[in-house]
> 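Got a structure for you, questions after.
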2 protein chains.
Amino acid sequence: MTVSGRRGQRPTLEQVAAYAGVGRGTVSRVINGAANVSDQTRTAVQQAIAELGYVPNRAARALAAGSTDAIALVIPEAETRLFAEPYFSGIIRGVSTELADTDMQLLLTLIRTPKERDRFAQYVTAHRVDGVLLVSVHADDPLPDLLERIEMPAVLSGRRSGDESVPYVDCDNTGGAQAAVEHLIGRGRRAVATVTGPLDMYVAQCRLHGYRDALRAAGLEQDERLVADGDFTEEGGRRAMRELLSRRPDLDAVFCASDVMAAGARAVLRESGRRVPEDVALVGFDDSAVARHMDPPLTSVRQPLEEMGRSMARVLLEQIEDRKAGRDDRAGRVLPTELIRRASS
Amino acid sequence: MTVSGRRGQRPTLEQVAAYAGVGRGTVSRVINGAANVSDQTRTAVQQAIAELGYVPNRAARALAAGSTDAIALVIPEAETRLFAEPYFSGIIRGVSTELADTDMQLLLTLIRTPKERDRFAQYVTAHRVDGVLLVSVHADDPLPDLLERIEMPAVLSGRRSGDESVPYVDCDNTGGAQAAVEHLIGRGRRAVATVTGPLDMYVAQCRLHGYRDALRAAGLEQDERLVADGDFTEEGGRRAMRELLSRRPDLDAVFCASDVMAAGARAVLRESGRRVPEDVALVGFDDSAVARHMDPPLTSVRQPLEEMGRSMARVLLEQIEDRKAGRDDRAGRVLPTELIRRASS
DNA sequence: AAGTCCTTTGGGAGCGCTCCCAGGCGTGAT
DNA sequence: ATCACGCCTGGGAGCGCTCCCAAAGGACTT
């Protein structure tokens, strides 16, 4: 870690210029990779930069250029506990990776209260960032619309509905659920139940669709007694499982739309004296830590979280570029999921 | 969410001044809470600010004032998977909470490679942030020393050793471990084993100390055959548990220095035909999601993560203030842990 | 030899703020 | 009435960049 000291006084662009015997503009051009600089000059400047240990002053650059070189990653606090851990850390890791060789900075913003939301709205409206990444917004969150209105580049993780107007990155929830259920059917299960998330969330709808698609494709009957809402919580999973067992005691498999609900369901299955997977096969969704540590370990659908994070960053950066260039090419991106097979099915 | 539009042109301080019929300096004074402004003027300015929807331009302020109003939260990538989720999200939540009514911004920096570390070092050396929060650094990480050398305010989560020179916030690992083991002894267990973390980590040493302290206080013999290194991993926990069982098949309780290792130990106990807690009581550390979802749910020592995050932010802000004022009052802070009792003990 | 066009370069202006100095004005003392 | 001393206030200077214009020079053409 060689950082030339020269304590107190950081070198400025002007000093670099003087040292290299060129003008300020030229150094600026070299730094920003402008084309029209002779090789010789460029080399001289680069050397001066290296020798002086020059690092551009972001504030000055932002002020002069009117950009900020920063994007905000916004996480609604409610989600912080619920979806919780693996989701965020995965996405953050991806975003950070993608940003690593940009000189964009990542601002982390947790939003807990309406007051904080307003404050962030102000902040964003004042164009203090170049773009915004919104993680797991609710359908009724006003932020996406605000961002659209003020023409601030933004990317959502997940969609609020089937025809999302803001650019997004999502994973293939339908396909993942379908694969999970196909897997269960392939193992000879015939009475496959599902514990869904709250059906006012698009992600929950998709996973239910996937379930139905798989049954239909296999020519199995759809029995509404095999479908129960688990609310994406462990307690909800318990409740839903009890309901399912009372309605169809003969069920031989359950697809849960989240691992946490699967954990609840698993507990109820145990209480009812049923073995997993011998009597009832179980599959979850998310491939979280919970899944790996359940007994037996839970088969689950993995979302490519890190890749989603990378995609989000990439899509956002493109959007920022496009805006600058006057283009406007907004599109969503859906990434594939993967079934991780473990002992529970 | 009322954000006055006035699209395209954000109001500047100058415009606020004109609108309020005062000079630039006066508006600046009001914004920064300087004392010597008459009440009347202050009110007029505040109203102008509100009516124009003025939001100060950070870049300009940073440039003029030579500060940045931003702090960096640095997470070494290696840790991102290991300690993983609850640790970071808890700390981040705390930091963010504490920063919420400051106008400090939180920059998130993941460091994976030496190259990224150097880049961050450059960045920090160029004083592009006002302070740094370092999460779970290793004893051999060069970053803390660098920060000390360039006199950049910094706070560590956890200590690298008993006499940490950089300000830190830690939880009471020794006390937590001691409480856990006392709890086991209180339940009548006499052959209490422990699975430790890697003993070159200070945190692992502390937890082992707590274990020994509790045994000593209860007048129980210390048997080195009851101590095994589990390396803070699940596989390590398995290995350590096997070793312990072969050395002391009569053990009736195990204190694991992390939940993840406890999960490994639990699996081995099951394989060996032992019941938890009837035959062997089990306690973990961290109170992570894993603990709640184990079968039976795992008694564990909770670290006040969110409070640690808040403390870190607070200590850092104080330090930044102190530096400005020429003072220099660096100190560590240790927060208490709490034993969460569940069915495993 | 003069004119044209392109590439490369230097440096002025200005981004929106903070810092600080000088000046205005009121109050109390002389 | 005069002076000294405060408190407020306005606005110049300057933070370190980017943007852009003008100018210098080289390679061709006429």
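Chain identifiers are assigned alphabetically (A, B, ...) following the order of the sequence lines, protein sequences preceding nucleic acid strands; residue numbering begins at 1 within each chain.
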> What is the distance from OH of B/Tyr19 to P of C/dG16, rounded to the nearest Å?
19 Å
> Please determine whether a side-chain nitrogen of the Lys or Arg among A/Arg310 and A/Glu98 lies less than 4.0 Å from a carboxylate oxygen of the Asp or Glu.
yes
> Counting only heavy atoms from other residues, nucleotides and ligands, does the tally under 6.0 Å from CD of A/Glu148 exceed 12?
yes
> Look at all strands and tell whether A/Arg24 reaches a base, only sugar-phosphate, or nothing, counting heavy atoms closer than 4.0 Å.
base
> Can you tell me which nucleotide in D/dT18, C/dT9, D/dT9 comes closest to the side chain of A/Leu13?
D/dT18
> Less than 4.0 angstrom between a side-chain N/O of B/Thr41 and OP1 or OP2 of D/dT9, yes or no?
yes
> So does B/Thr26 get a side-chain nitrogen or oxygen closer than 4.0 Å to the phosphate oxygens (OP1/OP2) of D/dT9?
no
> Can you tell whether the side chains of A/Glu307 and A/Arg333 come within less than 4.0 Å, N to carboxylate O?
no
> Identify, between B/Arg128 and B/Arg42, the residue whose nearest nucleotide on DNA chain D lies closer to the 5' end.
B/Arg42
> Write down the distance between CG (A/Asp39) and C1' (C/dT7), rounded to a whole number of angstrom.
13 Å
> Can you check the A/Tyr54 OH to D/dG16 P distance for me, whole Å?
10 Å
> Do A/Ser165 and A/Asp163 have side-chain atoms, one donor and one acceptor, less than 3.5 Å apart?
no
> Just how far, in rounded Å, is C1' of D/dC15 from CZ of A/Arg61?
16 Å
> Atom NE2 of B/His127 and atom P of D/dC15: how far apart are they, to the nearest Å?
18 Å
> Which part of the nucleic acid, if any, lies within contact of A/Arg58, taking any heavy atom under 4.0 Å across all strands shown: a base, the sugar-phosphate backbone alone, or nothing?
nothing
> Would you say D/dT18 has OP1 or OP2 under 4.0 Å from some side-chain N or O of A/Asn32?
yes
> Roughly how many Å is it from CD in A/Gln15 to C1' in C/dG11, rounded to a whole number?
17 Å
> With a 4.0 Å limit, can you tell me whether B/Ser28 has a side-chain N or O closer than that to the phosphate oxygens OP1/OP2 of C/dT18?
yes
> What is the distance from CZ of A/Arg10 to C1' of D/dC17, rounded to the nearest Å?
17 Å
> Using whole Å, report how far CD1 of A/Ile31 lies from P of D/dT18.
6 Å
> Answer with base, sugar-phosphate or nothing: what part of the nucleic acid does A/Asn36 contact at a heavy-atom distance below 4.0 Å?
base
> What's the closest nucleotide to the side chain of A/Ala64 if the choices are D/dG10, C/dG14, C/dG16?
C/dG14
> Between the base of D/dG10 and the side chain of B/Arg29, is there a donor-acceptor distance below 3.5 Å?
yes
> Closer than 4.0 Å, any side-chain N/O of A/Ser38 to the OP1 or OP2 of C/dT8?
no
> Pairing donors with acceptors under 3.5 angstrom, does anything connect the side chains of A/Thr97 and B/Arg112?
yes
